[in-house]
Structure formats: structure tokens, C-alpha cells
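Note that the structure is predicted; figures quoted are calculated from it, not measured. First the proteins, then the strands, lettered A, B, ... as listed; each starts at 1.
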2 protein chains.
Amino acid sequence: MLSLTEENYLKAIYHLSEGGAKSVLTNDLAEAMCTKAASTTDMIKKLSAKALISYEKYYGVNVSAKGKQAALLIIRKHRLWETFLVQKLNFTWDEVHEVAEQLEHIHSVHLIDKLEEFLGFPTVDPHGDAIPDRKGNIKLLPQVGADQLKVGYQGTIIAVKDSDSNLLKYLDKIGAKPGKKLKVLAREEYDESMEIMIDDNKVFLSKDVSKNILVTA
Amino acid sequence: MLSLTEENYLKAIYHLSEGGAKSVLTNDLAEAMCTKAASTTDMIKKLSAKALISYEKYYGVNVSAKGKQAALLIIRKHRLWETFLVQKLNFTWDEVHEVAEQLEHIHSVHLIDKLEEFLGFPTVDPHGDAIPDRKGNIKLLPQVGADQLKVGYQGTIIAVKDSDSNLLKYLDKIGAKPGKKLKVLAREEYDESMEIMIDDNKVFLSKDVSKNILVTA
DNA sequence: ATATAATTTTAGATTGGCCTAAAAATTATT
DNA sequence: AATAATTTTTAGGCCAATCTAAAATTATAT
């Protein structure tokens, strides 16, 4: 059984590695966890001893198959709880993250299976992110950050990154929700800002915003 | 903000003190928490420093008004989550306790208020225990353990103590649920066992069982 | 009333998760 | 290739929550 802290580190490693694709450096992980590098090294050793990650001194960590599954089961819980909070308790989009961060650590497979059933087996959470199944399998749609798009591109928003509640409020205001169509009207190479059409409204996006909007590739 | 452990100790003190009525001894608290007396003394000092309990060396602890309110807000969460698990996720009576023990420590007033609303402002949980309101007020009905009843007594089950899942399974089997009528047919003074009528069935109860059934006084 | 038993507290150690400061290894620069 | 800068690890310490063993206090029994 993983401790709450171990779960949080593992989840962060999974996300920083982009689903296991890349190695994660100690300092990047420390920054994500809001801890110092020394603490992070300690935890890396612990997760490594539990075979959830592989670790080569000074060269960062990679999630193992076992670690990936464990991470996906935590993410499954997080996303099912977010769905519950929005659909059943009428939380707004930007309120859910913090509470779901706590709820995801409740240890009961039975609870999560029942919750999934109660919600009608949703496949994506309110941010548009896919919900892993009870074995930890996830369907990853090919997606790309809106900041990568060329002028003239038309596509559908799949998901938005949910790290910051202020960003979510802003995205909500401009109507950038999963499922919405988006068209790139113009793009300024200098600062990588762009203008898009969404709901027949012209919206200006800085790169800081556009990189958090994931669209069909 | 109380730590998870502090919350658990405080709740145990509240229950052992029967709602603040009695003093709680170190050893009894240690037993309830499955820790050693020495650890319990440490925690008593901590809760005392936070003015949640008053403590006189060697003579046990009493919950303060502040501690009582804090305990009742934890109990509120526990009972609302139990209600959710049974009513919405179709947990059986005996499955809920362990999961609710974890859910009760999620810190979000907003979450609990929304949950309460979603459940339709229930006044009692699935065991029949009253649910404190958002200020920590609770309506205590006069109630008595079934083991105290005399032959011929007729009354209604208010609640059952929910500590042990095997007990709950047994109570479920004999139909001893909150709201059910109960009549005492016979009582054996030697071992304080009794025979009762419930749902037109005669049931024999040892004292170990009957003391966990709370009925109208 | 005093000895014995039981309970409670104190003292000192351990583990998990965190820190700072210093050392070691890697990467970048000239 | 040597030195400087950066990153990472190690060493040693702190706090919360736990433990065991010993000391202190209260309760019981003769």
C-alpha cells in the first residue's frame, strides 16, 4: 500500500513523463511537488525500491509498467471524483481540482467501481481527459496543444489542463470547453500568440493560455 | 487545521465520553485507538494545548465546547458520507464504516454542504444516528440500550452501534434496523440475555448484541 | 497503614517526510 | 581540456506519531 505522499510523487512523475514517454529529472519533480531536490531524491529511492520507477543516479527516473498502472489507477479515481463533483454536486469547473486531489487517495476499489457505475461509466472527466478503466487502461486520443496549430486549422477541443483554477475560469469565460469547435484565424510568430474563432467569437490567446488547450490532432 | 490523527483521537474521545458527558481515561482511549498508553498521553497533551480537551494528569480528559464542536463536524461528515454510500452507491449496511472513516477527513466545507443538499438534507444516517448540522448542532433523542429493557417493553429501534461489520450483518439478518418495532418477551438475569419479538419473529439476543441496539427510552 | 497492583507519565528510540549545507557528478564555457 | 556553473546526491537534523522500558502516581488489599 502506498502512502499518500508516495501516491502524489508517483502521479507527478507520471504526468511529467507524459505518460511514461520521457525521463523525469529530480529538480523538475521537486518543483512540481513544491519540495526541495534533497527530499525528492529520498522519495525517488523509495519508489525505486518498490519497483514503481527505475532510477539511474544523476539521470532522472522512468516509470515502470507497475508504476504506470498504479499512477493510472490514482488518476482514474481523481477523474471519477471530478466527474462526480461537477455532475452530481454542481461544483463549477474550477472548484473541483483541490477536493479531487484529496478524494483520489481514498483506498477502496469497491468504492470507485460503485462510483463509476453511479456516474454511468463516463469515459472523460469534466476537463475532457480520458478516465482509465478499472485495470488502469486508458484510451489516449491523438491530441496537440493549441499553441502548435497553424493558421486556418479547424478542430475540436478535447481537453484542457486543469492545474490552475484561474486559467479554468478564464477558459470558461471564453467558452473553451471540451467538445467545442475552434478555428485559428491568425498567429503572431514573435510571441506565439494567436487569434481564434470559438462560438462565433474572436478570441486572442497568449501562448501561456493556448498551450493548455488540447485539440484533435 | 487538525491532522488526520488528531481528528481520529478527538472523535474517539467524544464517543468514549458519550458526547462530552463523562471523563475519558488514557488506557481506554489507547485501547480504542489501538495504540499504547504512552502514545495516547502524547496526543492528549497536544489536543489539550489546542484547547480541544481539558486534561488533568492521571485523571483523564474531558472535551471542551470547542472540541465537542470539532468532533461533531467530523461526525457530520462521517454520517453524510455513510448516507451517500448506502443511498446512492448501494453499499450494504456493513460495508460503509471503513470507507466513511477515510472520507470523513476530507477538508472542504463546501463539499459537505453540497453533499448534504444532494442527499436531500437527511437527519439520520443508515444506522439511525442523527446527523449534526453545519454548525455542529445535533438532536439527541432519548435512547437506551436494548440490554436495559424490562420484559414487556415495546419500543422502536432508533439506531445501532456501527463499530463491527459482523455485528451489522447479524442485525441485518434478524431485521434489527432503525425504525423497526421491538418487544421484550423474556430476559435471563444470569447472563443478561433476552428474547425479543421483531417482525413477528422471536429472536434470542446475548447481552453483547442487545447493548448495541438503541431504542426509544 | 503499608505493601502490592494497576494505571499513567516520562525518557529515549524509531520511522516517514521534510529541511539546510556540503560534497559529488554532470554539463557548459572559454 | 580545464575551469566554472548547474544539478544531484549525501550527511545530518527536525517534527509528528509511534514504540518500549522505566519511573511516578493512584488504587486496592490485606
Euclidean distance, atom [atom1] of residue [X] to atom [atom2] of [N] [Å, nearest integer]:
X	N	atom1	atom2	result
A/Leu25	D/dT6	CG	C1'	12 Å
A/Leu29	D/dT9	CG	C1'	15 Å
A/Tyr55	D/dT7	OH	P	16 Å
A/Lys45	C/dG16	NZ	P	14 Å
B/Asp42	C/dA13	CG	C1'	13 Å
B/Ile44	D/dA16	CD1	P	17 Å
A/Glu31	D/dT7	CD	P	11 Å
A/Met43	C/dT15	CE	C1'	13 Å

Base, sugar-phosphate or nothing for [X]? Non-hydrogen atoms, less than 4.0 Å.
X	answer
A/Thr5	sugar-phosphate
A/Ser3	sugar-phosphate
A/Ser39	base
A/Thr41	base

Below 4.0 angstrom, N of the basic side chain to O of the carboxylate: do [X] and [Y] qualify?
X	Y	value
A/Lys11	A/Glu104	yes
A/Glu116	A/Arg76	yes
B/Asp172	B/Lys177	yes

Check your understanding: More 5' along DNA chain C: B/Asn27 or A/Lys36, using each one's nearest nucleotide?
Key ->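 Going by which nucleotide is closer to the 5' end, it is B/Asn27.
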
Exercise for review: Just compare C/dT8, C/dT26, D/dT18 and give me whichever is closest to any side-chain atom of A/Tyr59.
Suggested key: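 Nearest to the side chain of A/Tyr59 among the choices is C/dT26.
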
Review point. Closest to the B/Thr26 side chain: C/dT9, D/dC19, D/dT9?
Key: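 Selected nucleotide: C/dT9.
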
Would you say [X] places a side-chain N or O within less than 4.0 Å of OP1 or OP2 belonging to [N]?
X	N	result
B/Lys57	C/dT10	yes
B/Tyr58	C/dT9	no
B/Tyr9	D/dA16	no

Exercise for review: Compute both the distance and the angle, then confirm whether B/Lys88 meets the cation-pi test with A/Phe84: under 6.0 Å from the six-membered ring centre, within 45 degrees of the axis.
Suggested key: no

Practice item. Check whether more than 12 heavy atoms from other residues, nucleotides or ligands sit under 6.0 Å from atom CD of A/Glu101, and answer yes or no. Key: yes

